[in-house]
Engineer: 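Handing you a structure now.
Computed from a predicted structure; not experimentally measured.
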Amino acid sequence: GSWELLTVAFGESGSVTVRAAPVRHTVPTVGYVVEEASKRGRLKPEAVLPLLQRNRQALADEWGVRDPRSVLKRVAALGAEEELVLPDGA
């Protein structure tokens with residue numbers, strides 16, 4: 001088994017946990033793991049905008065979107081396991 005030695009919270013959603021567990025070695029040994037809580041990544045508009053521009057006409061025709069940049073809000077609101085498929089399948 002392992003032992004949770006310490007959890008420290010910081011900011012609104014950050015935390016660090018330190019765990020320890022015995023390690024097989026020639027002398028008594030303990031290994032440590034420092035684990036950060038996962039946090040949401042940052043949307044890079046420069047990576048998404050070319051895809052939106054490429055779908056500009058289909059977004060207008062199929063989704064009623066005049067300005068493809070307005071779809072950035074939908075992309076930013078996606079959860080970790082969610083995806084948004086554009087009209088061309090991207």
Side-chain angles (χ1 to χ4, degrees):
S2 66
W3 308 280
E4 185 173 312
L5 303 177
L6 172 71
T7 298
V8 177
F10 57 90
E12 289 186 28
S13 62
S15 68
V16 173
T17 300
V18 179
R19 300 180 198 284
V23 178
R24 285 189 183 185
H25 198 21
T26 57
V27 296
T29 306
V30 176
Y32 296 90
V33 174
V34 178
E35 181 180 36
E36 292 183 84
S38 54
K39 53 185 173 179
R40 191 175 173 99
R42 185 182 79 78
L43 176 65
K44 297 180 181 177
E46 64 275 8
V48 178
L49 282 172
L51 298 172
L52 296 176
Q53 289 299 337
R54 186 174 77 206
N55 283 272
R56 181 182 201 95
Q57 191 59 51
L59 288 170
D61 296 343
E62 297 175 27
W63 295 10
V65 173
R66 289 188 227 164
D67 183 357
R69 292 175 297 180
S70 67
V71 178
L72 286 174
K73 287 182 184 178
R74 289 189 201 179
V75 174
L78 292 174
E81 299 299 319
E82 295 179 297
E83 63 180 38
L84 178 74
V85 179
L86 296 173
D88 73 352

Engineer: Between Pro87 and Ala58, which heavy-atom pair has the shortest distance, and what is it?
Structural biologist: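 Closest approach of Pro87 to Ala58: CB-CB, 3.5 Å.
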Engineer: Between Val34 and Val23, is there a shared hydrophobic cluster once you connect ILVMFWY residues whose side-chain heavy atoms come closer than 4.5 Å?
Structural biologist: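 Not linked; separate clusters.
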Engineer: Using side-chain heavy atoms (C-beta onward) and a distance below 4.5 Å, is Leu72 in contact with Leu52?
Structural biologist: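 Side chain of Leu72 against side chain of Leu52, heavy atoms only: contact under 4.5 Å found.
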Engineer: Can you confirm whether Val71 sits close enough to Leu84 that some side-chain heavy atom of one is under 4.5 Å from a side-chain heavy atom of the other?
Structural biologist: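 Touching, per the 4.5 Å side-chain cut-off.
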Engineer: Look up atom CZ in Arg74 and atom CD in Glu82, then write down how far apart they are to the nearest 0.5 Å.
Structural biologist: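 Separation between the atoms: 13.0 Å.
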Engineer: For the residue pair Arg66 and Arg56, what are the closest heavy atoms and their distance?
Structural biologist: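 Taking Arg66 first and Arg56 second, the nearest heavy atoms are O-NH2, 4.1 Å.
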Engineer: Is the shortest heavy-atom distance from the side chain of Tyr32 to the side chain of Ser2 under 4.5 Å?
Structural biologist: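 Sidechains of Ser2 and Tyr32: no contact.
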Engineer: Do the non-hydrogen side-chain atoms of Asp88 and Leu51 ever get within less than 4.5 Å of each other?
Structural biologist: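 A side-chain contact is absent here, since even the closest heavy-atom pair is not under 4.5 Å.
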Engineer: Count I, L, V, M, F, W, Y as connected when their side-chain heavy atoms are under 4.5 Å apart, and connections chain through other members. Are Val33 and Val8 then in the same cluster?
Structural biologist: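 No.
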Engineer: Give me the atom names and distance for the closest heavy-atom approach of Leu49 to Arg69.
Structural biologist: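 In this case the closest contact between Leu49 and Arg69 is CD2-CG, 3.6 Å.
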Engineer: Counting only heavy atoms not in Glu36, do more than 12 fall under 6.0 Å of its CD?
Structural biologist: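 Counting neighbours around CD of Glu36, 12 or fewer heavy atoms of other residues, nucleotides or ligands fall under 6.0 Å, so no.
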Engineer: On a heavy-atom basis, which atom in Leu43 and which in Ala76 lie closest, and how many Å separate them?
Structural biologist: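 Leu43 and Ala76 have their closest heavy atoms at CD2-CB, 4.0 Å.
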